[in-house]
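Take a look at the structure below.
In this text, all values refer to a predicted model and were calculated from it rather than measured experimentally. If you read the sequence from its start, that first residue is 1, and numbering goes on from there.
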Amino acid sequence: MKRYCRIFSVIVLLGALASVISGCGSGEEDRRQIIRIGHNQATDHPTNIALTAFEEYIESRLGDKYNVEVYPSELLGSQTDMVQLTQTGAIDFCVASNSILETFSENYTLFNLPYLFASAEAYHASMDDPEIVDPIFESTTKAGFETVTWIDAGTRNFYTVSAPIETPADLKGLKIRVQQSPTNVKMMSLLGGSATPMGFGEVYTALQSKVIDGAENNEMALTSNGHGDVCKYYSYDMHQMIPDILIGNCAFLNSLTDEERAVFEEGFQLINRVEREEWGKAVEAAKDKAENEQGVTFLYPDTALFQEICEPMHMEMLEQYPVLKPVYDKIQEHNAADASAGKEVLTDESAS
């Protein structure tokens with residue numbers, strides 16, 4: 001009940017903001033349609049930078065009709081709230097974690113599997129492959145939204161307040177925040193930790209008050225969200241490469257003319273391109289700040305130990321969702337291609 005009250009409050013707030021904005025200006029009423037995009041990252045995060053580039057691009061092409069507004073830092077509520085607002089059309093787009101979308105379509109379960117991708121290169125190649133992503137991205141249209149592009153969220157790793165994670169045994173008994181996903185809860189159970197699902201905005205306080213012992217996320221969480229001020233160990237177990245997902249309200253997308261939709265599609269590609277370019281730079285900057293300013297120690301455990309424990313989840317998932325096997329097999333083709341490319345590089349280097 002509280003969640004629906006929050007959603008209703010956000011809808012009322014958006015209406016009030018629209019009234020205020022339309023009442024300001026030079027006396028002429030702004031008749032442009034407002035497009036609202038919500039996400040949970042800070043303004044200096046690659047996601048916000050990419051969405052700002054999208055805002056500028058759409059307004060440069062269709063500014064006489066659309067006014068794009070980007071709301072960072074959970075200004076429109078938690079990710080779960082924003083997904084529901086996008087469903088209803090109260091907002092037009094939001095960035096959601098893949099784990100949340102798993103509750104709307106079982107197809108998204110695949111991307112949450114630990115150690116699904118063999119490398120970052122195989123991950124990117126898979127996410128750029130329409131044969132892999134289209135059946136998944138289009139699986140929520142009956143729920144009122146669909147994915148318009150994916151956003152690189154790097155590699156997810158464990159980070160803890162005071163207990164370094166160098167083997168799976170080090171997780172035993174630790175309360176670790178995970179995304180709200182059955183797959184992530186299962187993963188933590190296998191690895192010996194205690195899964196504590198909670199919204200991302202609650203994590204800092206929970207770490208600070210020792211309600212939880214650690215969390216799992218990419219390096220940006222240490223700096224952009226301040227988690228490195230509390231957590232002093234970051235372990236590269238590399239258990240997941242999960243995309244963030246930009247979803248759009250189906251009614252809004254279907255209302256666009258063919259010409260407008262083409263412009264928006266170009267804008268969606270721009271988001272993906274800009275975010276990926278910014279991501280690499282941001283990760284290096286985050287590691288430098290975390291290590292030299294926040295005092296975080298980076299650890300590089302043997303990932304094979306973690307992977308072996310999580311391997312049964314692959315077969316269990318395929319048995320439960322056989323419809324996903326063709327997509328899973330296609331990802332394995334990209335994994336194999338990347339491994340072969342790596343061997344060729346090693347051979348060439350040996351020859352020289």
CD of Glu265 to CG of Asp258, rounded to nearest 0.5 Å, is 11.5 Å
Looking only at side chains, do Asn98 and Asn112 share a donor and an acceptor under 3.5 Å apart?
-> yes
How long is the span from the CE atom in Met127 to the CD1 atom in Ile242, to the nearest 0.5 Å?
-> 10.5 Å
CG of Leu174 to CE of Met188: how many Å apart, nearest 0.5 Å?
-> 7.5 Å
Between His334 and Phe117, does the ring centroid distance fall short of 6.0 Å?
-> no
Quick check: does any side chain N or O of Asp244 sit under 3.5 Å from a backbone N or O of Val95, one acting as donor and the other as acceptor?
-> no
Check: Glu166 main-chain N/O paired with Ser235 side-chain donor or acceptor under 3.5 Å | no
Side chains of Gln332 and Asn335: do they bring a donor and an acceptor to under 3.5 Å?
-> yes
So, Gln41 versus Thr47: side-chain donor-acceptor pair below 3.5 Å or not?
-> no
Does a side chain donor of either Tyr328 or His314 reach within less than 3.5 Å of an acceptor in the other side chain?
-> yes
Quick one: list whatever passes ring-ring contact (aromatic ring centres under 6.0 Å, His included) with Phe252, sequence neighbours left out.
-> Phe93, Phe264
Across all chains, not counting sequence neighbours, the side chain to side chain donor-acceptor pair (under 3.5 Å) partners of Glu266 are Tyr57, Arg61
Centroid-centroid distance, Tyr236 to Tyr234, less than 6.0 Å = yes
Candidates Tyr123, Tyr108, Phe111 - the one meeting ring pair (Phe, Tyr, Trp, His ring centres under 6.0 Å) with Trp150 | Tyr123
Under 3.5 Å, side chain of Thr88 to main-chain N/O of Leu85, donor-acceptor pair present?
-> yes
If you look only at pairs with a residue in residues 171-205, which of them pass as a ring-ring contact (aromatic ring centres under 6.0 Å, His included), with sequence neighbours excluded?
-> Phe200-His227
Would you check if the side chain of Asn217 reaches a backbone N or O of Arg156 as a donor-acceptor pair within less than 3.5 Å?
-> no
Output yes when a side-chain donor or acceptor of Asn48 lies under 3.5 Å from a complementary backbone atom of Thr43, and no otherwise.
-> yes
